[in-house]
Amino acid sequence: MLSMPPLLYYLVYMCTQEDASLCNFYPHWTFSDLWDSTVFGYFALWILLLALLHLLPIGKIAHGVRLANGKRLRYRINGLLALFLVGILVAVLSYQRISLLYVYDHLHQFAASATLLSLMLSAYVFIRSRTASQEDLSTAGKSGNLIYTFFMGRELNPHIGKFDLKHFSAVHVALIGWVFNNFIMLLAEMNVQQLEIPSPSMILVNAFQLLYVLHALWHQENILTSLDIAHDGFGFMLAFGNLVWVPFVYSLQALYLVKHPVEISQAALAAIVALNTFGYVIFRRANNLKNAFRKNPEDPRLSYLNSIPTSYGSQLLISGWWGFVRHPNYLGDIIMAWAWCLPCGFDYILPYFYGFFLTGLLIHRVSRVEHQCRRKYGHDWDKYCKLVPYRIVPYVY
């Protein structure tokens with residue numbers, strides 16, 4: 001909680017410097033450099049807009065995983081519609097010659113505003129969780145450690161009426177904010193470098209990450225079974241992660257390219273596209289297979305798959321991508337992460353932060369997921385691990 005905000009500002013600051021060397025850091029910020037009440041007002045309006053889109057009574061209703069109390073929460077699936085409507089709004093503003101470069105020019109202040117709002121949200125959900133029933137608490141919420149509970153989140157699914165704070169922040173704020181910031185950086189690159197069209201590197205970064213977000217929103221129902229939504233409480237980790245980290249750090253490659261043009265050959269471009277496509281195919285097929293099997297293991301179209309039964313009542317896949325490694329979706333994710341960094345060239349290591357970060361994040365997440373699986377499946381999980389011995393990379397990890 002103490003290190004992530006300064007790290008965020010460091011990364012954003014360095015990406016805007018001509019010399020992006022990690023050691024070339026001499027911050028001379030004043031309070032006004034990080035805070036602007038007008039910027040905070042604009043950011044609050046942005047969150048309000050996303051909240052209104054989240055509340056639109058359009059889109060199917062999906063049910064989340066079964067909770068410890070036996071209930072299954074209802075979720076409105078309209079993230080793709082919200083992204084489409086934001087796209088229309090951006091087009092209208094551009095047509096009216098209303099410059100969106102204000103966001104780029106005040107990026108530090110927007111990041112600070114998002115940080116403040118995430119702290120306010122974290123404090124709110126923590127205070128209100130004191131009146132929550134035991135069945136509404138997350139595992140971390142029962143730990144008794146005040147700091148750990150504030151970070152991980154005490155309440156599993158805090159709502160304001162029917163408004164699900166965690167689902168809203170994970171889908172609408174994080175994902176839509178990410179691609180929106182990327183598009184702002186694309187416009188900024190054209191303005192700073194006096195280009196008529198974006199550079200090939202900027203197009204690659206925007207296209208790759210837009211594809212990823214479109215995939216997530218198209219399969220938004222599958223997010224409901226993710227670790228963040230189904231098991232983690234809603235505290236500082238997810239509030240800061242969704243409001244700040246994803247929109248501002250995951251768009252670092254695009255921000256870096258604004259002032260650091262990279263010449264990329266056609267051969268290199270084709271190789272990067274091939275690498276991203278390879279990762280995406282693994283990611284998509286693994287996730288689609290997992291979710292189809294989870295919904296209906298008896299589906300005749302999945303009869304070619306092998307699985308082992310568990311005392312819990314469900315089955316564990318041991319064939320297809322899930323017989324290759326235990327977390328093939330993470331393997332695809334990591335491959336794509338590095339493909340997103342490569343268009344930034346090799347002059348500086350800074351734009352590769354995302355690759356290092358996501359690799360570390362997913363390796364850590366593997367340990368968390370497998371800890372839960374071992375508690376859930378017991379000896380059946382040990383049997384499964386013998387049949388599928390590698391976690392992410394065969395013969396390596």
*Answer yes if the side chains of S199 and Q193 hold a donor-acceptor pair under 3.5 Å, and no otherwise.*
no

*Taking everything shown except Y397 itself, do over 12 heavy atoms lie less than 6.0 Å from its OH?*
yes

*Counting heavy atoms not belonging to L48, are there more than 12 under 6.0 Å from its CG?*
yes

*Between K259 and E18, is there a salt bridge with N-O shorter than 4.0 Å?*
no

*Which word best sums up how the rings of F110 and Y102 line up, parallel for under 30°, tilted for 30 to 60°, or perpendicular for over 60°?*
perpendicular

_Quick check on the hydrophobic clustering: are Y124 and I127 connected, directly or via other members, by side-chain heavy-atom contacts under 4.5 Å?_
no

*Could you tell me which non-hydrogen atom of P200 sits nearest to which non-hydrogen atom of L269, and how far apart they are?*
CB-CD1, 4.1 Å

*Could you state the interatomic distance from OG (S319) to CD1 (I308), rounded to the nearest 0.5 Å?*
11.0 Å

*Return yes when atom CZ of R365 has more than 12 non-hydrogen atoms of other residues, nucleotides or ligands closer than 6.0 Å, and no otherwise.*
yes

*Does I61 offer a backbone N or O that forms a donor-acceptor pair with the side chain of R76 under 3.5 Å?*
no

*Report yes or no: do Y95 and L93 belong to one cluster of Ile/Leu/Val/Met/Phe/Trp/Tyr joined by side chain heavy-atom distances under 4.5 Å?*
no

*Centroid-to-centroid, W46 to F180, below 6.0 Å?*
yes

*First locate atom CZ of F40, then atom CG of L116, and finally report the distance between them rounded to the nearest 0.5 Å.*
5.0 Å

*asked:* Would you say that H231 contacts Q372 through its side chain, given a criterion of any heavy-atom pair below 4.5 Å between the two side chains?
replied: yes

*Heavy-atom check, side chain of L121 versus side chain of L117, under 4.5 Å*: no

*Does the gap between the ring centers of Y390 and Y395 come in under 6.0 Å?*
yes

*Hey, are H327 and E370 close enough side-chain-wise for a donor-acceptor pair under 3.5 Å?*
yes

*asked:* For a side chain to side chain contact (heavy atoms under 4.5 Å, CB included) check, start with the C-alpha distance between Y354 and V249, then their side-chain angles and the critical distance, and finish with the verdict.
replied: CA-CA 8 Å; Y354 177 76; V249 173; 5.5 Å; no

*Could you go through the side chain to side chain contact (heavy atoms under 4.5 Å, CB included) check for L56 and L85 one step at a time?*
CA-CA 11 Å; L56 285 177; L85 293 177; 3.7 Å; yes

_Close side-chain approach of R154 to R130, heavy-atom, < 4.5 Å_ = yes

_Using 0.5 Å steps for rounding, measure from the CG atom of N222 to the CD1 atom of I77._
9.0 Å

*Charged N to carboxylate O below 4.0 Å: is that the case for K166 and D228?*
no

*Tell me, please, whether Y377 has R374 positioned over its six-membered ring: NZ or CZ under 6.0 Å from the ring centre and within 45 degrees of its axis?*
no

*Going only through I, L, V, M, F, W and Y residues with side-chain contacts under 4.5 Å, is there a path from V281 to W340?*
no

*Roughly how far apart are Q109 CD and S37 OG, rounded to 0.5 Å?*
11.0 Å

_I'd like to know if I203 and I264 are part of one continuous hydrophobic network [Ile/Leu/Val/Met/Phe/Trp/Tyr, side-chain heavy atoms within less than 4.5 Å]._
no

*Side-chain donor-acceptor pair under 3.5 Å between N242 and S169, yes or no?*
yes

*Of R294, K60, R74, the residue whose pairing with E221 passes salt bridge (charged side-chain N to carboxylate O under 4.0 Å, His left out)*: K60

*Shortest non-hydrogen separation from E155 to A132 and the atoms involved*: CD-CB, 4.1 Å

*Following the transitive rule for hydrophobic clusters with a side-chain heavy-atom cut-off under 4.5 Å over Ile, Leu, Val, Met, Phe, Trp and Tyr, establish whether V258 and I197 coincide in one cluster.*
no

*Side-chain contact test, heavy atoms from C-beta onward, threshold under 4.5 Å: evaluate it for N181 versus Y250 and give yes or no.*
no

_Side-chain heavy atoms of L7 within contact of W245, under 4.5 Å_ = yes

_Quick check for you: to the nearest 0.5 Å, what is the distance between L252 atom CG and N182 atom CG?_
10.0 Å

*Indicate yes or no: at least one non-hydrogen side-chain atom of F324 is less than 4.5 angstrom from one of P394.*
yes

*Is atom CZ of F163 surrounded by more than 12 heavy atoms (other residues, nucleotides or ligands) closer than 6.0 Å?*
yes

*With a 4.5 Å heavy-atom cut-off, do L53 and L81 have their side chains touching?*
no

*asked:* Quiz question: by atom type and distance under 3.5 Å, do the side chains of Q209 and W178 form a donor-acceptor pair?
replied: yes

*Answer yes if the side chains of Q315 and S307 hold a donor-acceptor pair under 3.5 Å, and no otherwise.*
yes

*asked:* L11 vs L350, test: side chain to side chain contact (heavy atoms under 4.5 Å, CB included). Steps then yes/no.
replied: CA-CA 8 Å; L11 292 169; L350 182 65; 3.6 Å; yes

*Between L101 and L187, what is the shortest heavy-atom contact and its length?*
CD2-C, 3.8 Å

*In Å and rounded to the nearest 0.5 Å, what is the CG to CG distance from N329 to L362?*
8.5 Å

*Looking just at side-chain N and O atoms, do Y9 and T115 make a donor-acceptor pair shorter than 3.5 Å?*
yes

*asked:* Give me the atom names and distance for the closest heavy-atom approach of V244 to S118.
replied: CG2-OG, 3.9 Å

*Of Q220, H172, H54, which meets side-chain hydrogen bond (donor to acceptor under 3.5 Å, both in side chains) against H167?*
Q220

*Are H215 and Y280 close enough that a side-chain donor and a side-chain acceptor fall under 3.5 Å?*
yes

*Less than 4.0 Å between a side-chain N and a carboxylate O, is that true for R368 and D232?*
yes

*Indicate the atoms forming the closest heavy-atom contact of L317 with Y384, along with that distance.*
O-CE1, 3.1 Å

*Quick check: are there more than 12 heavy atoms from other residues, nucleotides or ligands sitting under 6.0 Å from CD1 of I349?*
no

*asked:* Could you report the tightest heavy-atom contact between I176 and A82, atom names first, then the distance?
replied: CD1-CB, 3.7 Å

*Count the heavy atoms of every other residue, nucleotide or ligand shown that sit under 6.0 Å from OH of Y42, and state whether that count exceeds 12.*
no

*asked:* Go through it in stages, so that I can follow the logic: the residues are V12 and H108, the test is side chain to side chain contact (heavy atoms under 4.5 Å, CB included), and I'd like the CA-CA distance, side-chain angles, deciding distance and then a yes or no.
replied: CA-CA 7 Å; V12 172; H108 278 96; 3.9 Å; yes

_I'd like to know if the side chain of T359 pairs up with that of W338 as donor and acceptor (distance under 3.5 Å, no hydrogens or angles considered)._
yes

*Go through the side-chain N and O atoms of D333 and Y212 and say whether any donor and acceptor fall under 3.5 Å apart.*
yes

